[in-house]
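In what follows, a structure is listed as structure tokens, so that the remarks can point back to it.
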Amino acid sequence: MDGGSQFQKIHLNLSLSSLVTLEHVDEIMEILKRELKDYEEFQNQKWKKIKKTPFTVLISCLLSLRTKDEVTIDASIRLLSRYDTPEKLAGADIKEIEKLIYPVGFYKTKARRIKEISKLLLEKYNGKVPDDFNELIKIKGVGRKTANIVMVYGHDEDDYLAIDTHCHRIPNRIGWISTRTPEETEKELKKKLPKKYWRDFNHLFVRFGQKICLPVSPKCSECPIEKYCKKVGVTRHR
């Protein structure tokens with residue numbers, strides 16, 4: 001094969017890879033937006049009680065780990081209505097923080113962690129939440145999902161995709177991808193999911209996973225996208 005033919009083959013392969021997309025992605029995303037609209041509007045109204053900054057997004061995300069959305073929102077409002085900057089939170093009494101965020105999961109551990117992170121932001125980052133993904137994940141307690149959420153919803157960046165357990169499980173169950181870890185899912189979806197859906201993907205699939213597409217015995221009889229789902233790995237459903 002001469003150099004020109006080889007170049008054409010590579011170019012063709014790149015062109016084809018850019019066309020790879022997910023089956024019925026437009027229909028599925030539009031259905032989920034419509035079906036979850038009421039909840040999203042209600043949730044957004046509650047979040048408006050907190051000024052959105054990279055810091056409040058970071059703290060809310062840390063509180064949300066292993067905690068239901070409703071509990072996270074109320075705890076975030078109680079805490080961040082009083083301590084909405086690293087300066088304020090770093091100086092807050094740990095018992096007061098615990099009281100404000102209870103009953104989020106592991107509230108005592110989270111109280112210590114968010115106070116430590118607030119101090120670190122003051123000492124190392126001049127009181128600012130880093131707008132560099134690689135810097136964010138250096139912070140103890142900040143994983144890929146949290147860093148992605150901060151980049152998207154805190155710093156308003158469009159090149160990041162937040163993946164949690166629901167966002168990993170559901171695309172595999174639908175048959176969009178076949179991955180073993182959230183990290184692999186993030187990489188695959190960034191190749192295949194149209195970028196216009198990246199911002200909505202996390203909160204739509206998290207809520208969908210909490211409400212209908214449950215980890216065990218999903219509510220397939222109530223599922224608005226059931227006809228598009230391959231039910232990979234589903235052995236029991238309702």
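The figures that follow rest on heavy atoms only: side chains count, while hydrogens, waters and symmetry mates do not.
- Distance alone, capped at 3.5 Å, is enough to place a donor-acceptor pair between the H155 side chain and the V129 backbone.
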Residues K119, E116; criterion salt bridge (charged side-chain N to carboxylate O under 4.0 Å, His left out); working and verdict: CA-CA 5 Å; K119 290 180 178 179; E116 291 168 358; over 6 Å; no
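- At a threshold of 4.5 Å between non-hydrogen side-chain atoms, the residues T53 and T85 do not count as touching.
- Here the closest non-hydrogen pair linking C229 and I174 is SG-CA, 3.9 Å.
- Counting only distance, with no hydrogens or angles, the side chain of S60 and the backbone of T56 share a donor-acceptor pair below 3.5 Å.
- Interatomic distance, L63 CG to L80 CG, rounded to the nearest 0.5 Å: 7.0 Å.
- Of the possible polar contacts, none joining the R236 side chain to the S217 backbone as a donor-acceptor pair under 3.5 Å is found.
- The ring of Y197 has its center no closer than 6.0 angstrom to the ring center of F201.
- In this structure, D74 does not pair ionically with K49, as no charged nitrogen and carboxylate oxygen lie closer than 4.0 Å.
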Worked check of side chain to side chain contact (heavy atoms under 4.5 Å, CB included) between N172 and V232: CA-CA 7 Å; N172 276 279; V232 176; 5.9 Å; no
D164/R66 under salt bridge (charged side-chain N to carboxylate O under 4.0 Å, His left out): CA gap, chis, key distance, verdict: CA-CA 11 Å; D164 80 337; R66 299 188 184 182; over 6 Å; no
Worked check of salt bridge (charged side-chain N to carboxylate O under 4.0 Å, His left out) between E184 and K187: CA-CA 5 Å; E184 289 180 7; K187 291 178 182 178; over 6 Å; no
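- Shortest non-hydrogen contact noted between H166 and P171 is O-CD, 3.9 Å.
- Atom NZ of K68 has 12 or fewer heavy atoms from other residues, nucleotides or ligands within 6.0 Å.
- Here L204 contributes atom CG and E30 contributes atom CD; the two are 9.5 Å apart, rounded to the nearest 0.5 Å.
- The shortest heavy-atom contact between P224 and I212 is CD-CD1, 3.9 Å.
- At least one side-chain heavy atom of R173 sits under 4.5 Å from a side-chain heavy atom of V234.
- Taking each heavy atom of P86 and L122 in turn, the nearest pair found is O-CD1, 3.9 Å.
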CA sep, side-chain torsions, deciding dist, call: Y83, I59, side chain to side chain contact (heavy atoms under 4.5 Å, CB included): CA-CA 10 Å; Y83 306 109; I59 298 303; over 6 Å; no
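- L62 places a side-chain heavy atom less than 4.5 Å from the side chain of I117.
- In K88, the NZ atom is crowded: over 12 heavy atoms of neighbouring residues, nucleotides or ligands sit closer than 6.0 Å.
- Annotation: the span from T181 atom OG1 to I163 atom CD1 amounts to 10.5 Å, rounded to 0.5 Å.
- Ionic pairing of D200 and K33 is present here: one or more N-O contacts between side-chain nitrogen and carboxylate oxygen are shorter than 4.0 angstrom.
- No single ILVMFWY cluster, assembled from side-chain heavy atoms under 4.5 Å apart, contains both L22 and V206.
- Note on R207 versus E70: salt bridge recorded, some NZ/NE/NH1/NH2 to OD/OE distance being below 4.0 Å.
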Side chain to side chain contact (heavy atoms under 4.5 Å, CB included) evaluation trace for L214 with K219: CA-CA 7 Å; L214 306 173; K219 300 177 182 179; 4.0 Å; yes
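- Taking 4.5 Å as the limit, some side-chain heavy atom of L36 sits within range of a side-chain heavy atom of K211.
- The nearest pair of heavy atoms linking K115 to A90 is NZ-O, 2.7 Å.
- Evaluated for a side chain to side chain donor-acceptor pair (under 3.5 Å) with T185, the options R180, R169, H168 yield exactly one hit, H168.
- Heavy-atom minimum distance, A162 versus N202: O-ND2, 3.2 Å.
- At a threshold of 4.5 Å between non-hydrogen side-chain atoms, the residues L65 and V104 do not count as touching.
- Proximity of W198 to L193: side-chain heavy atoms (C-beta onward) are separated by under 4.5 Å at one or more points.
- Residues L189 and T179 form no side-chain contact, since every pair of their non-hydrogen atoms from C-beta on lies 4.5 Å or further apart.
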Trace of the salt bridge (charged side-chain N to carboxylate O under 4.0 Å, His left out) decision for K191 with E188: CA-CA 5 Å; K191 294 176 187 175; E188 285 301 302; 3.3 Å; yes
Residues R82, E96; criterion side chain to side chain contact (heavy atoms under 4.5 Å, CB included); working and verdict: CA-CA 11 Å; R82 297 186 60 178; E96 176 69 7; 2.5 Å; yes
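- A donor-acceptor pair shorter than 3.5 Å cannot be found between the side chains of T72 and T67.
- Remark: the backbone N or O of R199 is paired with a side-chain donor or acceptor of Y153 at under 3.5 angstrom.
- Ionic pairing of K95 and E98 is present here: one or more N-O contacts between side-chain nitrogen and carboxylate oxygen are shorter than 4.0 angstrom.
- In this structure, the side chain of N126 does not engage the main chain of K128 through any donor-acceptor pair within 3.5 Å.
- Taking CD1 of I139 as the start and CZ of R113 as the end, the distance is 11.0 Å to the nearest 0.5 Å.
- Under a 4.0 Å N-O distance rule, the pair E226/K231 qualifies as a salt bridge.
- Rounding to the nearest 0.5 Å gives a distance of 11.0 Å between CG of D26 and CD1 of I31.
- Note: Y107 and Y102 have perpendicular aromatic rings, judged against thresholds of 30 and 60 degrees for the angle between ring planes.
- I149 has its side chain out of reach of Y160: every pair of non-hydrogen atoms, C-beta onward, lies at least 4.5 Å apart.
- Within the model, atoms CD1 of I137 and CG of N148 stand 9.0 Å from one another, a figure rounded to the nearest 0.5 Å.
- No chain of hydrophobic side-chain contacts below 4.5 Å, direct or via other Ile, Leu, Val, Met, Phe, Trp or Tyr residues, connects I94 to F106.
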